[in-house]
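The block underneath contains the structure these notes are about, expressed in structure tokens.
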Amino acid sequence: MEKQNLSQIKLLPEEVASKIAAGEVIERPASVLKELLENSLDAGALKTQIEIEGAGKRLIRVVDNGCGMSPENCRLAFAQHATSKIEGLEDLENLATYGFRGEALFSIAAISEIQLSSCLQKSPEGFKISLKGGKVLKEQKAPPVSGTLIEVRNLFFNTPARAKFLKSDSSEKAQILRVLEEAALSHPEQHFALRMDGKETLNLSPQSNRDFPSRMERLREILGEETTRTLTTASVQRTDIRLTVFLSRPDALASSRNLQYFFVNERPVVNRTLQQALYRSYEDSRPSHKHPVCVLFLNIPPSQFDVNVHPQKKEIRFRSEHELFDFIQNTLRKELSKSKQAPSLAAHSWVKIPDPREPYRILHPQPDTYLVREDTIPYEAQGPSWYIPPFTYLGQIEKTYLAYESQGGLLILDQHAAQERILFERYLEQFKNGGPKVQRLMIPIQVDLGPSQVQRVLTWKEELKNYGFDMDAFGKSSILIHALPALFDLGPADLKEMLERLSESLGSPAPEESRRESIASMACKKAVKAHDRLSQEEAVHLIEELKNCKDSFACPHGRPTLLKLTREELAHRFKRPGPPPL
Ligand code: ADP
Ligand code: MG
């Protein structure tokens, strides 16, 4: 590469500098909504109406009934570092507002077309101002409607490089929803309404205040009745720290990490200390693919943390991190150990993993499993190394494992893991050959997900069709499944788990292929239960199907599908000099 000439330092033109600055604050449409909502909340609004078109790229409109602005402030609001919220750095020690840098409106204006119309309460006249790419186009009088209306159109119209980094509309919409959920969870006393592409998407009624029952009610509106019912709660006050938390009981964990919300002084934050304290408190009881639902509110003196460490004010830094970690973890642990109940039925679908050091234990006396049956499977030459026919089917152990004799040794299949593997490969095969076979349901299955998950899942509706699912909203809180991949015969509870996981994997930046695999693996996870009784015919069939799999040794989650004890090993374990002659 040619060496750059660094000898001449030039000042960037203002237009370039403002676009660069804007890039730090405004990453995507959801960042615009976040800033506008924060401004409305800072302005003391009690009602906020939001309208989104084209996943926020075409239009983001926020109307609030807050304090409004004078004409002079409407103009000033768009200047860089123009804020009414702090005067000096020392004010950050007592910060009580979301905003403080005065750069959000400046940044948004630099990269979009804006119309702002605002009116102070009781003022006889409002004011309206339009800008494009940061330049004022027009100023005029407006009707005296107190509050503020702000419309942001054609975001990134003059920064095409940034526009290219946006994800699919579904993904951008999901992030917009997340921003609204965060604002709504931390402000139960506020009325929020959201329309997306002309359709009412959320309408969250205002609660009486921010007390416990009000928070609980707002939680129900966002997470849905069913999920909220699985939560346990704690509220602790220690000198100047208050912690209020809603979190999953250990026996009712969710399948996705999506439903975790952390707030510090009502500000949504991403923070490792909080996250780790949460996960640590579940340490012994959490299977690795399960995650707690958590809505955590921490209120501490503003001087105890720094919000000025991230351009979008998402991350924060605590002054006494360790102390806080211990405090939170101890509180959560205490609450969780109180709430531990007898394992729920769902826990039974986790299949026991046989201890590989003692494989013969599995055959512990269960008289009828010793019955030797004479059916053998016709010999076929090809197959994986474990496949040495003929096999004699011995029977089912704990309705979970299938035992076969093979060449004087013992072959044990985990019926669930084996069937998972088979279905997984079959689904992917169908995918390659023109899409999965779809089963249309005469009676649609209703799945209760809660309003925000419903929205999140529905943003992927079109993509989900490619995976064999057809669904629609049913009321605000449920989804109706009209069609499923024919291979996956799932009930409402499994579908709920699957949709939760789906909304997470679809939101991830993984390539389509790996997403497809993750869908296949989660979908077939529940397709066959460990405790189903299998007929002899089915057991014989299973071994043949498993043999044809590309990877017959493990299920899609990596658990072994089979275990083999050769005749030599049997002899060795019974301390015989050698295996009996065949
Ligand atoms: P900050 O929020 O950091 O002060 P912004 O660029 O977001 O900076 O907003 C600049 C100023 O415009 C705010 O300080 C506030 O005085 C005013 N403002 C913005 N939005 C509203 C609104 N919805 N209602 C009333 N005032 C607003
Ligand atoms: Mg602001």
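From a predicted model like this one, the values you see are computed outputs, not experimental measurements. Start at 1 and go down the list; that is how both ligands and their atoms are numbered.
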| remark: of all protein heavy atoms, closest to atom 2 (O) of ligand 1 is Lys85 NZ, 2.7 Å
| request: Check whether any side-chain heavy atom of Glu500 lies under 4.5 Å from a side-chain heavy atom of Asn258, and answer yes or no. | output: no
| Would Glu315 and Arg272 pass as an ion pair if we require N to O under 4.0 Å? | no
| Counting both backbone and side chain atoms, is some N or O of Asn39 under 3.5 Å from an N or O of ligand 1? | yes
| Is Asn73 in contact with ligand 1, taking contact as a heavy-atom separation below 4.0 Å? | no
| note | Given a cut-off of 2.8 Å, the protein N, O or S atoms lying below it from the Mg ion (ligand 2) are Asn39 OD1
| Protein contact to atom 6 (O) of ligand 1 [nearest heavy atom, distance to 0.1 Å] | Leu105 N, 2.9 Å
| request: Could you pull out all residues at least two apart from Lys57 that satisfy side chain to side chain contact (heavy atoms under 4.5 Å, CB included)? | output: Pro29, Ala55, Leu166, Asp169
| query | Got the closest protein heavy atom to atom 21 (C) of ligand 1, with its distance? | reply | Met69 CE, 3.6 Å
| Within a reach of under 6.0 Å around CZ of Phe327, are more than 12 heavy atoms found that belong to other residues, nucleotides or ligands? | yes
| field | Residue, atom name and distance, where the atom is the protein heavy atom closest to atom 12 (O) of ligand 1 | value | Ala77 CB, 3.5 Å
| task | Take the angle between the ring planes of Tyr279 and His291 and call it parallel below 30°, perpendicular above 60°, tilted in between. | result | perpendicular
| note | Numbered in order shown, the ligand 1 atoms found under 4.0 Å of a heavy atom of Arg101 are 3 (O)
| query | Checking Glu172 side chain against Lys167 main chain: does a donor-acceptor pair fall under 3.5 Å? | reply | yes
| remark: Of all protein heavy atoms, the one nearest atom 16 (O) of ligand 1 is Ser84 OG, 2.5 Å
| task | Indicate whether the side chain of Thr459 and that of Ser170 have a donor and an acceptor atom separated by less than 3.5 Å. | result | no
| query | For atom 23 (N) of ligand 1, which protein heavy atom lies nearest, and how many Å away is it? | reply | Asp64 OD2, 2.9 Å
Quick one: side chains of residues 96-114, donor-acceptor pairs under 3.5 Å with protein atoms, not counting sequence neighbours, listed by atom name and distance.
residue: Thr97; atom: OG1; partner: Gly99; partner atom: O; Å: 2.8
residue: Tyr98; atom: OH; partner: His187; partner atom: NE2; Å: 3.4
residue: Tyr98; atom: OH; partner: Glu266; partner atom: O; Å: 2.7
residue: Arg101; atom: NE; partner: Asn308; partner atom: OD1; Å: 3.0
residue: Arg101; atom: NH1; partner: His310; partner atom: O; Å: 3.4
residue: Arg101; atom: NH1; partner: Pro311; partner atom: O; Å: 2.8
residue: Arg101; atom: NH2; partner: Asn308; partner atom: OD1; Å: 2.9
residue: Arg101; atom: NH2; partner: His310; partner atom: O; Å: 2.8
residue: Ser107; atom: OG; partner: Glu103; partner atom: O; Å: 2.6
residue: Ser112; atom: OG; partner: Ile108; partner atom: O; Å: 2.8
residue: Glu113; atom: OE2; partner: Asn154; partner atom: ND2; Å: 3.2

With a 3.5 Å cut-off and sequence neighbours excluded, list the donor-acceptor pairs that the side chains of residues 10-26 form with protein atoms.
residue: Ser18; atom: OG; partner: Glu14; partner atom: O; Å: 3.4
residue: Ser18; atom: OG; partner: Glu15; partner atom: O; Å: 3.0
residue: Lys19; atom: NZ; partner: Asn158; partner atom: O; Å: 3.1

| query | Looking at Phe246 versus Tyr261, is the centre-to-centre ring distance below 6.0 Å? | reply | no
| said: Distance alone, cut at 3.5 Å: any donor-acceptor contact between the side chains of Glu335 and Ser281? | reply: no
| request: Mark up the atoms of ligand 1 that fall under 4.0 Å of a heavy atom belonging to Phe100, in ascending order. | output: 3 (O)
| said: I'd like to know if Arg229 and Asp448 make a salt bridge, using a cut-off of under 4.0 Å between side-chain N and carboxylate O. | reply: no
| said: Looking at ligand 1, would Gly102 count as a contact under a 4.0 Å heavy-atom criterion? | reply: yes
| task | Considering only non-hydrogen protein atoms, determine which one is nearest to atom 4 (O) of ligand 1 and report residue, atom name and distance to 0.1 Å. | result | Thr83 OG1, 2.6 Å
| field | Numbered atoms and elements of ligand 1 in range of Ala104, under 4.0 angstrom, heavy atoms | value | 6 (O), 7 (O)
| query | For Ala43, is at least one N or O under 3.5 Å away from an N or O on ligand 1? | reply | no
| field | Subset of ligand 1 atoms that lie under 4.0 Å from at least one heavy atom of Ala82 | value | 10 (C)
| task | Distance to 0.1 Å, residue and atom name: give those for the protein heavy atom nearest to atom 22 (C) of ligand 1. | result | Thr148 OG1, 3.8 Å
| query | Taking atom OG of Ser31 and atom CG of Leu155, what is their separation to the nearest 0.5 Å? | reply | 8.0 Å
| Do any nitrogen or oxygen atoms of Cys67 lie less than 3.5 angstrom from nitrogen or oxygen atoms of ligand 1? | no
| So does Glu87 have more than 12 non-hydrogen atoms from other groups sitting under 6.0 Å from CD? | no
